[in-house]
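So the structure is just underneath, and the comments pick up after that.
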Amino acid sequence: MVTTEAAPARTLFGDPAFRLLFAAAASRLGVQVGYLAVPLVAVSALDASPGQVGLLATLSTAAFLLIGLPAGAWVDRVRRRGVMIVADVVRAVLLGSVPVAWTMDTLTLPHLYVVVFVAGIGTVFFDVAAQSYLPHVVGRDRLVSANSALHSFDAVANIAGRGGAGYLVQWATAPIALVVTAVGYVASGLLLAGIGKREPAPRPDREHGLWRQVGEGLGFVLRHPILRPAAMAGAATNFGMQMCLTMLPVVIVSDLGLAEGRFGLFLAMGGVGALLGALTARRLGAVLGLGRMLWLLGAAVAPAAAFVPMLDHGSAFWVAAAGWSVLAYKVGVDNVVLVSFRQRVTPDGLLGRQNATMRFLLTGALALGAAASGAIGEVVSARAALWAGVVVLAFAWAPLFFSPVRRLRELPESAEKV
């Protein structure tokens, strides 16, 4: 038995709590500046090698591998909004330290490594708490609509933030551009603090220890007939995309000698693709069926990845950027459909652990992809790392094809109903 999402009784933006939550997401537009500025600090300001850029990207997501699973169990024990606010404040202080050190002429690569690693710990707790907090704010009947709105804005932020960030870096230097990122985190924390909708107190589990609860969350995902292949496909996609992303600033800025603004423009075109994916996911799913759409779209867009390593001057730049935009379209669709599914089928008491497990697997793949990309870039070449990422992306859809996802037209309420 499958069910369709009930029509929402009230509009999302008529809900004051969601308006503040959405405004907090909007205030993190500056995060997109940091996404582009941090590797450019390493490449342009500190003359980092491909291996050092790879290490920086690895450290930025390594926390998901190290503490992602216990973070979910811990988040299930506390109110989620407070976790998000603290994470915003910590990250604001850390990113703000980079321009301060730069102006004092004391900025070093080890400083940058510490900043991205500790900020990554904050991101672990924020992301796990945020995905677990959303069902409380909007209700489970409006999750697809809420995720579509949030991920659509994320895509707009990618376009505006990353596109503008490249030119901001050209004008103000990469370290100074990170002031915008720090201010965005502060604004996000203030807006979240203004949400008056109080979460119910979590029920303490006194019978099971932390690691027993971690195991429950991990087992829930790995035994689920849809979540397991979704995690495998998502991890493969993240691994391949990160292999490309890690070496793109090296190829564009160092190897080709293009300005930082061109790097921002390249990433902004990916944002356009992600925005279109988020906006069309529901309609495309209604036509093809959600399960068929997920694997069929993955297979259809895979050839576009081959244009990315062909990146060069002139028209080759735009062809590669178009290929990147097509790949990002698929990611935009996945973000809406798969995240909504995960939130729909997971009991409240497991939301933090389920989200943490998925983040452990999906974001952990980013860390591993960055490490692999840095190693290939250092030993062979940055462009060889791009080709390696393309090979992974060519087969990332296969776990969804060889699973029950292939038969789904709508989101089931539970694994037993698949």
Side-chain angles (χ1 to χ4, degrees), residues 12 15-31 34 61 63-64 66-97 115 117-140 142-143 146-147 149-150 153-154 181-206 208-211 213-214 216-217 339 342-343 346-360 363:
L12 279 172
D15 186 334
F18 182 76
R19 285 202 304 270
L20 282 170
L21 187 66
F22 187 86
S27 71
R28 290 194 295 276
L29 180 64
V31 175
T61 50
F64 282 91
L66 298 176
I67 64 166
L69 293 176
W74 187 81
V75 165
D76 278 337
R77 298 180 174 193
V78 299
R79 289 187 171 95
R80 282 84 183 236
R81 187 184 58 155
V83 175
M84 296 162 68
I85 294 170
V86 171
D88 273 338
V89 172
V90 170
R91 291 182 293 177
V93 172
L94 288 165
L95 271 298
S97 75
V115 166
F117 177 70
V118 181
I121 294 175
T123 300
V124 169
F125 284 101
F126 184 94
D127 287 359
V128 171
Q131 289 193 351
S132 304
Y133 184 55
L134 184 62
H136 166 73
V137 173
V138 303
R140 291 174 183 266
R142 299 189 296 173
L143 280 172
N147 278 311
L150 290 168
F153 176 78
D154 281 346
T181 304
V183 170
Y185 281 130
V186 171
S188 171
L190 291 173
L191 287 163
L192 290 170
I195 297 177
K197 195 171 185 179
R198 187 171 176 80
E199 296 174 78
R203 296 180 180 177
D205 187 346
R206 303 186 186 282
H208 303 119
L210 179 67
W211 289 105
Q213 291 179 297
V214 167
E216 289 174 353
V339 171
R342 286 157 43 190
Q343 292 166 330
T346 305
D348 286 339
L350 275 169
L351 271 171
R353 282 168 285 173
Q354 176 268 120
N355 285 323
T357 299
M358 295 297 287
R359 284 287 182 175
F360 170 79
T363 312

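None of these values were measured; they are calculated from a predicted model.
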**Q.** Chi angles and distances behind the side chain to side chain contact (heavy atoms under 4.5 Å, CB included) call for V186, V89
**A.** CA-CA 6 Å; V186 171; V89 172; over 6 Å; no

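- For Y133, the ring-ring contact (aromatic ring centres under 6.0 Å, His included) partners two or more places apart in sequence, or in a different chain, are H136.
- Proximity of F126 to V83: side-chain heavy atoms (C-beta onward) are nowhere separated by under 4.5 Å.
- To the nearest 0.5 Å, the span separating CG on L94 from OG1 on T181 amounts to 12.5 Å.
- The closest side-chain heavy-atom distance from L21 to L134 is below 4.5 Å.
- By the ring-ring contact (aromatic ring centres under 6.0 Å, His included) test, F117 is found to be paired with no residue, residues two or more places apart in sequence or in another chain being considered.
- At a threshold of 4.5 Å between non-hydrogen side-chain atoms, the residues F22 and L150 count as touching.
- What you find for M84 and A129 is that their closest heavy atoms are CG-CB, 3.7 Å.
- If you take CZ on R81 and CD1 on I195, they are separated by 6.5 Å, rounding to the nearest 0.5 Å.
- The two residues G189 and D88 come nearest to each other via the heavy atoms N-OD2, 3.3 Å.
- Shown here for A87 and G122, the closest heavy-atom pair between the two residues is CB-O, 3.4 Å.
- No side-chain heavy atom of F125 sits under 4.5 Å from any side-chain heavy atom of V90.
- For F360, the ring-ring contact (aromatic ring centres under 6.0 Å, His included) criterion is met by no residue, not counting sequence neighbours.
- L66 CG to I121 CD1: the interatomic distance, rounded to the nearest 0.5 Å, is 8.0 Å.
- Here the shortest heavy-atom pairing between V115 and S97 reads CG2-OG, 3.7 Å.
- The side-chain heavy atoms of L192 and L20, taken from C-beta on, include no pair separated by under 4.5 Å.
- Across every non-hydrogen atom of L95 and A119, the tightest pair is CD2-CB, 4.1 Å.
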